Amino acid sequence: MRIAITGGIGSGKSYVCRLLQQRDIEVFNCDTIAKSIIATHPAVRDELCALVGVDDLTKQDLGDYIRRGTDYAARVNAIVHPRVAEAFVDSGMTWMECAILFESGFDRLVDRVVVVTCPEDERIRRITARDHCDADTARRWLALQMTDEERLQRADFHIVNDGTTPLEPQLGTLLAALNP
């Protein structure tokens, strides 16, 4: 069985995945693999440079392009996502962390979906602290992603990571449900 962990930026899905890794559950991180592909795959870099209109792509160039709106993000995703999906399938791993699981179509690669949620004000606080950006930039990132409500409608499991609700009991319940 293949399982995806998803949630919006700043929801704490990576933290949940670290807790799973402490339980010896290896998790494929789509963001990490996407960044690696963008940095090292010559054909991807060439396609992205042409798309963004630069000779040498930087993280700032790509971020600025994506933040223009969902159509721009979709153009980047059309280049990068097929390679990430292929890497996941080739990895043979059964757990995946993917922030934009449904938007990317990666939900088709898994059997169960776990959504991690957190209140928006806490997510903005986490994003601004982690990425050293202002709240408006964080809100623009949030606006590019599906809402928690939309994700939860398609979820099999829900983990609340608001900083006050204990995570370990939720993980125990999740793992028991997945391994009866």
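These figures come from a predicted structure and were not determined experimentally.
The backbone N or O of Ser36 lies less than 3.5 Å from a partner atom in the side chain of Thr40, making a donor-acceptor pair. Panel note: side chain Thr165, backbone Asp162; no donor-acceptor pair is recorded below 3.5 Å. Side-chain N or O atoms of Glu122 include none that pairs as donor or acceptor with a backbone N or O of Pro119 at under 3.5 Å. A donor-acceptor pair is defined here as one N or O able to donate and one able to accept, closer than 3.5 Å; such a pair exists between the side chain of Lys13 and the backbone of Gly8. Looking only at distances, no side-chain donor or acceptor of Gln145 sits under 3.5 Å from a matching main-chain atom of Ala99. Using modelled atom types, one side-chain atom of Gln170 and one backbone atom of Pro166 make a donor-acceptor pair closer than 3.5 Å. In this structure a side-chain-to-backbone donor-acceptor pair under 3.5 Å is present from Asp111 to Arg2. Using modelled atom types, one side-chain atom of Arg45 and one backbone atom of Leu57 make a donor-acceptor pair closer than 3.5 Å. Of the possible donor and acceptor atoms, none in the side chain of Thr137 sits under 3.5 Å from a partner among the backbone N and O of Cys133.
Applying side chain to side chain contact (heavy atoms under 4.5 Å, CB included) to Val116 and the options Val160, Ile5, Thr6 leaves one that passes, Ile5.
Remark: Leu175 CG to Leu20 CG distance equals 6.0 Å, nearest 0.5 Å. How far SG of Cys30 is from CG of Leu101: 8.0 Å, rounded to the nearest 0.5 Å. Here the straight-line distance linking atom OG of Ser91 with atom CD1 of Ile33 works out to 8.0 Å at 0.5 Å rounding. Between the CG atom of Asp56 and the CG atom of Asp61 there is a distance of 8.0 Å, given to the nearest 0.5 Å. To the nearest 0.5 Å, atoms CZ (Arg140) and CZ (Arg68) are separated by 12.5 Å. Annotation: the span from Trp95 atom CH2 to Phe28 atom CZ amounts to 15.5 Å, rounded to 0.5 Å.
In this structure, Arg75 forms a cation-pi arrangement with Tyr72, its terminal cationic atom sitting closer than 6.0 Å to the ring centre and no more than 45° off the ring axis.
Using a cut-off of 4.0 Å between Lys/Arg side-chain N and Asp/Glu carboxylate O, Arg123 and Asp148 are scored as salt-bridged.
For the pair Glu168 and Arg23, the minimum side-chain heavy-atom distance is below 4.5 Å. Looking only at side-chain heavy atoms (C-beta outward), Ile159 and Thr117 stay at 4.5 Å or farther from each other. By the 4.5 Å heavy-atom criterion applied to side chains, Leu142 and Ile124 are counted as neighbours. Between Tyr65 and Val76, some side-chain heavy-atom pair lies under the 4.5 Å cut-off. Counting heavy atoms from C-beta outward, Leu48 and Val80 have side chains that approach closer than 4.5 Å. With contacts defined as side-chain heavy-atom distances shorter than 4.5 Å, the pair Asn161/Arg126 qualifies. Side chains of Asp134 and Thr128 form no contact here, defined as non-hydrogen atoms less than 4.5 Å apart. In this structure, the side chains of Phe157 and Leu178 come closer than 4.5 Å at one or more pairs of heavy atoms.
Summarising the local packing, CD of Glu26 is surrounded by 12 or fewer heavy atoms from other residues, nucleotides or ligands at distances under 6.0 Å. Residue-environment remark: CD (Glu47) exceeds the threshold of 12 foreign heavy atoms within 6.0 Å.
In this structure, the side chain to side chain contact (heavy atoms under 4.5 Å, CB included) partners of His41, at least two apart in sequence or on a different chain, are Ile37, Ala43, Val44, Arg83.
In the hydrophobic cluster analysis, where Ile, Leu, Val, Met, Phe, Trp and Tyr join through side-chain heavy atoms closer than 4.5 angstrom, Leu62 is grouped together with Trp141. Note on Leu152 and Ile100: separate hydrophobic clusters, where clusters join Ile, Leu, Val, Met, Phe, Trp and Tyr whose side-chain heavy atoms are under 4.5 Å apart, directly or indirectly. When the side chains of ILVMFWY residues are joined at heavy-atom separations under 4.5 Å, either directly or via intervening members, Ile38 and Val84 end up in a single hydrophobic cluster.
Residue Cys118 comes nearest to Ser11 through the heavy atom pair CB-O, 3.7 Å, listed as atom of the first residue, atom of the second, then distance. Between Phe102 and Met146, the shortest heavy-atom contact is CB-CE, 3.5 Å. Among all heavy-atom pairs drawn from Cys17 and Val27, the shortest one is SG-CG1, 3.7 Å. Between His81 and Phe106, the shortest heavy-atom distance links the atoms O-CZ, 3.3 Å.
Side-chain contact annotation: Glu97 with Ser14, donor-acceptor N/O pair under 3.5 Å present.
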Checklist line | Candidate pair Arg154 and Glu149, rule salt bridge (charged side-chain N to carboxylate O under 4.0 Å, His left out), full reasoning | finding: CA-CA 9 Å; Arg154 300 170 74 175; Glu149 292 76 21; over 6 Å; no
